[in-house]
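Some notes on the structure that comes next.
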Amino acid sequence: MQKLIFIYNADSGIRNMIMDSAHKIFSPDTYECSLCDITYGAFTENSIWKKFRKETDIKMEFLHKDEFAKAYASKFGHKFTFPIVLNESGKGLEVFVRTEELNEMQSAEDLITLIGVRSYF
């Protein structure tokens with residue numbers, strides 16, 4: 001494993017960030033980015049997640065879906081659903097945590113545990 005790439009189901013930019021924060025507050029049940037919910041509150045990064053991110057030896061990159069499309073453009077096109085966590089290795093991009101798995105998670109601890117288990121195999 002060279003690097004984990006976390007891709008949010010949201011676009012980048014201040015306007016989108018404000019809209020996403022409002023959506024989380026006023027209609028959390030319909031918010032479409034479970035990765036955002038797990039790693040961030042309405043305004044700040046989840047403290048448990050932040051501690052893990054800073055203390056782990058795993059290289060990580062965090063992108064919004066529009067940033068991913070630009071940074072990892074491919075003539076073959078990537079057919080991923082978002083949010084997702086990808087593993088960038090010598091083999092290219094491989095799914096590390098599927099959208100469906102992220103949608104089932106309830107906390108940062110769930111994601112941290114899964115990363116720990118999968119990073120050893």
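- Taking the side chain as every heavy atom from C-beta outward, F80 and V95 approach each other to under 4.5 Å.
- N9 approaches K65 most closely through the heavy-atom pair OD1-NZ, 3.3 Å.
- Rounding to the nearest 0.5 angstrom, the gap separating the OG1 atom in T81 from the CG atom in N103 is 8.0 Å.
- Residues L111 and L35 form a side-chain contact, since some pair of their non-hydrogen atoms from C-beta on lies under 4.5 Å apart.
- A10 approaches H64 most closely through the heavy-atom pair O-CB, 3.1 Å.
- Residues L86 and F68 are in side-chain contact: their nearest non-hydrogen atoms beyond the backbone lie under 4.5 Å apart.
- A 4.5 Å side-chain heavy-atom check between L102 and V85 finds at least one atom pair inside the cut-off.
- Judged purely by atom type and a 3.5 angstrom limit, R118 uses its side chain to pair as donor or acceptor with the backbone of F96.
- The closest donor-acceptor contact from the side chain of E55 to the backbone of F52 lies at 3.5 Å or more, if one exists at all.
- To the nearest 0.5 Å, atoms CD (E45) and NZ (K50) are separated by 6.0 Å.
- T99 places no side-chain N or O within 3.5 Å of a backbone atom of I84 that could act as its donor or acceptor partner.
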Q. Could you walk me through whether N46 and T39 pass the side-chain contact (heavy atoms from CB on, under 4.5 Å) check?
A. CA-CA 5 Å; N46 175 298; T39 59; 5.5 Å; no
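- Residues M60 and R53 meet the side-chain proximity criterion, which asks for heavy atoms closer than 4.5 Å.
- Across every non-hydrogen atom of E94 and S89, the tightest pair is OE1-OG, 3.7 Å.
- Using a 4.5 Å heavy-atom threshold, the side chains of L93 and Y72 count as touching.
- Counting heavy atoms of neighbouring residues, nucleotides and ligands inside a 6.0 Å radius, atom CD of Q106 does not exceed 12 of them.
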Q: Any chance you could lay out the side-chain contact (heavy atoms from CB on, under 4.5 Å) test for F62 and Y8, step after step, and finish with the verdict?
A: CA-CA 8 Å; F62 298 87; Y8 297 104; 3.6 Å; yes
Q | Chi angles and distances behind the side-chain contact (heavy atoms from CB on, under 4.5 Å) call for I38, S107 | A | CA-CA 5 Å; I38 293 166; S107 67; over 6 Å; no
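- Separation of atoms CD1 (I7) and CD (E67) is listed at 10.5 Å; rounding is to 0.5 Å.
- With E104 contributing its side chain and E101 its backbone, the two residues share no donor-acceptor pair below 3.5 Å.
- For the pair I115/T113, no side-chain contact is recorded, criterion being any heavy-atom separation below 4.5 Å from C-beta on.
- With values rounded to the nearest 0.5 angstrom, E88 atom CD is found 6.0 Å from Q2 atom CD.
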